[in-house]
Each structure stands twice: as C-alpha cells, then as structure tokens.
Amino acid sequence: MNDSTTEPTARPVVLDVWCELQCPDCRTALDDVRALRDRYGDRLDVRLRHFPLEKHNHAYAAAQAAEEALAQGKGWPYVEEVLGRVEELDAKGEAFLLEAARGLGLDAEEFDTALIDGRHLLVVDADQAEGKAIGVTGTPTYVIGGERLDGGKSQEGLRARIEEIADRLLAAGD
C-alpha cells in the first residue's frame with residue numbers, strides 16, 4: 001500500500017490549561033487533567049499555559065522551570081512533580097525546582113542556567129498576557145473550543161463540561 005493514500009490523522013482538540021505551579025487549586029485539578037489525558041490520548045492536546053500569580057513568590061521561577069523541563073522532554077512529569085509538592089516549593093523556592101529536576105533525571109545545571117539567563121521569560125510573559133487578554137483572573141482556567149472555564153472557584157463539574165465540549169469537537173472533526 002502506498003503511504004500517500006493513507007488518510008491524514010485528525011487534528012487533536014486543544015485544551016489550554018492556564019496554571020500556576022504554586023497554586024493548591026492547580027494541584028487539585030491535576031486529577032482531572034490526568035483523567036482527560038488518559039481518556040482522549042493524542043486526540044486531546046493538553047497545553048500548559050502559564051499564569052503566575054503575584055501572591056506566590058516562586059510561581060514565576062516555577063513557570064520558567066516548567067518550560068525548561070518541556071525543552072528537556074519532560075514538561076508534564078515536571079509539572080505534576082512540582083504541583084504534587086507545593087508546600088516544598090513554598091518552603092524551598094528555586095532550590096526545590098532544581099531538586100525536582102534532578103529527581104526526574106533532568107539536567108539540573110541547565111535548569112539553574114535557564115533560571116539565571118531568563119531564556120523562557122518570553123514564553124511565560126506571552127502566556128500571562130494572553131491569559132489576561134481573554135479574561136483569565138485565576139488558576140486553573142481552561143479554554144477549549146473557544147470556551148473559558150474557571151476552575152479557580154470550583155473544580156466541580158468542570159471535567160464533565162470539558163469532556164462534553166471535547167466530544168462535540170471530535171465528532172465534528174470526523
């Protein structure tokens with residue numbers, strides 16, 4: 001069979017998750033994000049978007065560290081590790097970000113350099129600016145199919161709503 005006759009793969013539905021790695025509500029949302037990724041696999045492109053809040057003094061560095069983890073091939077595992085240990089981030093700051101990187105087998109020296117040289121600042125700033133432009137005020141906030149869902153007040157019912165939208169968008173793409 002000629003490869004050129006195979007049908008193109010349908011484009012995945014995009015779910016943007018505006019998140020802050022020092023946010024306890026984002027840690028709670030992790031279960032929903034995991035469940036969505038498990039249910040839809042590569043049909044749902046879950047994209048981490050950064051929205052560091054001023055009230056959390058390590059959130060901006062954590063967002064940059066998450067971008068470095070992504071560059072090193074372990075973005076979501078790093079995000080899950082950091083969110084799962086928010087209290088340690090609160091207590092240890094950047095030292096914890098490097099410790100979490102080491103624990104996942106990432107290049108901690110490169111992490112340190114990335115935090116110093118600011119190579120990921122533009123991505124974090126752009127995410128935050130876009131979030132503000134579309135009305136994100138807290139984390140987690142989800143955007144799927146043009147609809148914004150605010151998880152900062154309550155996670156209740158959000159996963160079901162996201163699934164409903166994703167199912168509709170995936171069916172329309174068939």
Side-chain angles (χ1 to χ4, degrees), residues 11-86 89-90 94 96-97 100-101 104 106 111 114-115 118-166 168-170:
R11 292 182 52 198
V13 170
V14 173
L15 171 64
D16 283 328
V17 180
W18 264 268
C19 183
E20 197 243 62
L21 298 186
Q22 204 172 345
C23 170
D25 291 332
C26 289
R27 174 174 48 197
T28 303
L30 259 184
D31 288 338
D32 285 341
V33 171
R34 277 190 206 108
L36 290 164
R37 288 169 58 207
D38 288 346
R39 176 176 175 175
Y40 292 101
D42 58 7
R43 296 180 307 141
L44 183 69
D45 181 10
V46 181
R47 299 188 314 190
L48 175 68
R49 306 299 300 273
H50 303 288
F51 202 79
L53 302 170
E54 289 182 20
K55 67 182 180 179
H56 294 135
N57 56 347
H58 304 299
Y60 203 78
Q64 293 175 71
E67 282 300 309
E68 181 58 30
L70 182 63
Q72 292 189 32
K74 291 192 177 175
W76 277 108
Y78 185 80
V79 166
E80 291 187 18
E81 180 71 16
V82 173
L83 279 174
R85 298 164 62 190
V86 168
L89 177 56
D90 289 344
E94 288 187 24
F96 169 72
L97 296 172
L104 289 171
L106 297 170
F111 260 77
L115 291 173
R119 68 183 73 159
H120 301 295
L121 287 173
L122 289 176
V123 172
V124 175
D125 288 345
D127 277 0
Q128 191 167 41
E130 184 180 336
K132 286 179 181 176
I134 65 166
V136 174
T137 57
T139 57
T141 296
Y142 308 92
V143 175
I144 183 170
E147 189 169 337
R148 189 182 75 235
L149 305 166
D150 181 2
K153 295 178 179 71
S154 171
Q155 287 292 122
E156 191 170 330
L158 283 184
R159 185 167 80 198
R161 181 71 184 123
I162 291 167
E163 289 172 346
E164 177 185 310
I165 295 167
R168 183 183 75 235
L169 293 171
L170 288 166

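In this chain, numbering begins with 1 at the start of the sequence shown.
With a 4.5 Å cut-off on side-chain heavy atoms, Phe51 and Lys132 count as touching. A heavy-atom distance below 4.5 Å is not found between the side chains of Ile162 and Arg159. Counting heavy atoms from C-beta outward, Phe111 and Leu97 have side chains that stay 4.5 Å or more apart. Side-chain contact between Val33 and Trp76 is present, with heavy atoms from C-beta onward closer than 4.5 Å. Tyr60 places none of its side-chain heavy atoms less than 4.5 Å from the side chain of His50. With contacts defined as side-chain heavy-atom distances shorter than 4.5 Å, the pair Ile134/Trp18 qualifies. When side chains are defined from C-beta on, Leu121 counts as touching Gln64, because their heavy atoms get closer than 4.5 Å. Considering only heavy atoms from C-beta on, Pro140 comes within 4.5 Å of Asp25 through its side chain.
Taking all atoms of both residues into account, the shortest heavy-atom contact from Ala71 to His120 is CB-CE1, 4.4 Å. Heavy atoms only, all atoms of each residue included: Val79 and Ala66 are closest at CG2-CB, 4.1 Å. Heavy-atom minimum distance, His56 versus Cys23: CE1-CA, 4.1 Å. Scanning all heavy atoms of the two residues, the minimum distance from Val13 to Ala166 falls at CG2-O, 4.3 Å. Contact between Arg37 and Val46 at its shortest, heavy atoms only, is CG-CG2, 3.5 Å. Between Leu21 and Cys19, the shortest heavy-atom distance links the atoms CD2-SG, 4.1 Å.
In this structure, the separation between OH on Tyr78 and CD on Gln72 is 10.0 Å, given to the nearest 0.5 Å. Residue His58 holds its NE2 atom at 6.0 Å from CG of Leu89, rounded to the nearest 0.5 Å. Separating the NZ atom in Lys74 from the CD atom in Glu80 is a distance of 12.5 Å, to the nearest 0.5 Å. Between Leu30 atom CG and Leu83 atom CG the span is 5.0 Å, to the nearest 0.5 Å. Once rounded to the nearest 0.5 Å, the distance linking CG of Leu44 with CD of Glu163 reads 10.0 Å. Here the straight-line distance linking atom CG of Asp32 with atom CZ of Arg39 works out to 12.5 Å at 0.5 Å rounding.
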Legend entry - Residue pair Tyr40, Leu15: steps toward the side-chain contact (heavy atoms from CB on, under 4.5 Å) verdict: CA-CA 11 Å; Tyr40 292 101; Leu15 171 64; over 6 Å; no
Inset, instruction - Please assess Glu164 against Arg168 for the test salt bridge (Lys or Arg N to Asp or Glu O under 4.0 Å), listing each intermediate value before the final yes or no. - result: CA-CA 6 Å; Glu164 177 185 310; Arg168 183 183 75 235; 5.2 Å; no
Inset, instruction - Please assess Leu48 against Leu70 for the test side-chain contact (heavy atoms from CB on, under 4.5 Å), listing each intermediate value before the final yes or no. - result: CA-CA 10 Å; Leu48 175 68; Leu70 182 63; over 6 Å; no
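Counting heavy-atom neighbours within 6.0 Å of Glu147 CD, excluding the residue itself, gives a total above 12. No more than 12 heavy atoms of other residues, nucleotides or ligands sit less than 6.0 Å from atom CG of Asp42.
Scanning for salt bridge (charged side-chain N to carboxylate O under 4.0 Å, His left out) contacts around Asp90 gives an empty result, with sequence neighbours left out. For the salt bridge (charged side-chain N to carboxylate O under 4.0 Å, His left out) test, residues two or more places apart in sequence or in another chain that qualify with Arg119 are Glu68, Glu110, Asp117.
Under a 3.5 Å cut-off, the side chain of Gln128 and the backbone N or O of Pro52 do form a donor-acceptor pair. Looking at Glu20, its side chain does come within 3.5 Å of a backbone N or O of Leu53 through a donor-acceptor pair.
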